[in-house]
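Notes to accompany the following structure.
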Amino acid sequence: MPESRDPPEPTPRAKHAPPEAGLDRWIDPFFSDSMLWPVLIVLVTAFAIFGAAVLLLAVRTRSFFAIAALLVLVVASAEALRSDLHRRRVGRAGGLILVLWTVSALLALAAARFGML
């Protein structure tokens with residue numbers, strides 16, 4: 001009696017597809033590994049405070065260096081978002097950039113409202 005050979009079962013796919021390249025590749029471990037979530041929270045907070053300070057300094061003092069720093073941040077953010085939108089989706093990097101700008105703007109408004117700078 002000939003022995004039937006079943007095709008090998010496919011290996012289970014990964015829960016999340018690996019990030020393609022670019023900034024998503026560097027950011028992905030902070031989202032996928034729960035041990036790095038506190039680090040992610042600290043980094044988001046630090047960058048949001050930095051963004052709020054640059055926004056406030058650029059608007060209030062109209063310093064050349066503050067405006068130049070704001071311009072560099074806007075161009076870098078736009079480039080990262082452009083590469084995400086080129087793939088017709090907003091990835092983790094694009095979402096994180098949008099969250100950082102939103103939190104930075106809210107912190108800058110709060111600081112201006114309460115006279116912190």
Side-chain angles (χ1 to χ4, degrees):
M1 174 181 277
E3 207 174 290
S4 68
R5 292 190 121 178
D6 293 331
E9 290 188 30
T11 58
R13 294 188 68 159
K15 193 174 191 180
H16 298 288
E20 296 170 9
L23 195 54
D24 278 338
R25 180 182 57 193
W26 294 98
I27 291 176
D28 189 55
F30 290 100
F31 286 98
S32 60
D33 187 3
S34 63
M35 294 293 287
L36 292 175
W37 289 352
V39 176
L40 179 66
I41 291 169
V42 168
L43 288 174
V44 166
T45 304
F47 282 115
I49 291 172
F50 176 73
V54 170
L55 279 169
L56 272 176
L57 286 173
V59 171
R60 286 230 169 144
T61 65
R62 298 180 197 262
S63 164
F64 171 75
F65 295 109
I67 293 172
L70 182 62
L71 184 63
V72 166
L73 290 175
V74 167
V75 169
S77 299
E79 176 61 27
L81 284 173
R82 185 195 62 78
S83 67
D84 268 1
L85 293 177
H86 181 69
R87 292 183 294 218
R88 299 187 190 272
R89 67 170 182 84
V90 176
R92 287 186 174 160
L96 187 61
I97 289 168
L98 293 175
V99 166
L100 282 173
W101 277 109
T102 303
V103 173
S104 293
L106 291 174
L107 285 174
L109 286 172
R113 172 79 172 105
F114 296 115
M116 293 179 165
L117 181 67

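All heavy atoms count here, side chains included; hydrogens, waters and symmetry mates do not. In this chain, numbering begins with 1 at the start of the sequence shown.
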Check: Hey, is CZ on F50 packed in by over 12 heavy atoms from elsewhere, all under 6.0 Å?
Finding: no
Separation between CD1 (I97) and CD1 (I27), nearest 0.5 Å, reads 6.5 Å
* Same cluster or not: are L36 and I41 linked, directly or through other Ile, Leu, Val, Met, Phe, Trp or Tyr residues, by side-chain heavy atoms under 4.5 angstrom apart? -> no
Students should find that the hydrophobic cluster of F64, defined by side-chain heavy atoms under 4.5 Å apart, otherwise consists of F65
Donor-acceptor list for residues 71-80 side chains, cut-off 3.5 Å, not counting sequence neighbours:
unit_1 : atom_1 : unit_2 : atom_2 : d
S77    : OG     : L73    : O      : 2.8
S77    : OG     : W101   : NE1    : 2.8
E79    : OE1    : R82    : NE     : 3.3
E79    : OE2    : R82    : NH2    : 2.7

Single-linkage hydrophobic cluster, 4.5 Å side-chain cutoff, L81 and L55 together: yes
In short, side chain to side chain donor-acceptor pair (under 3.5 Å) pairs touching residues 33-47 with sequence neighbours left out are none
Assigning hydrophobic clusters by single linkage (Ile, Leu, Val, Met, Phe, Trp, Tyr; side-chain heavy-atom cutoff under 4.5 Å), is L40 placed with I49?
no
Donor-acceptor pairs under 3.5 angstrom involving side-chain atoms of residues 102-113: please list them, not counting sequence neighbours.
unit_1 : atom_1 : unit_2 : atom_2 : d
T102   : OG1    : L98    : O      : 2.8
S104   : OG     : A48    : O      : 3.1
S104   : OG     : L100   : O      : 2.8

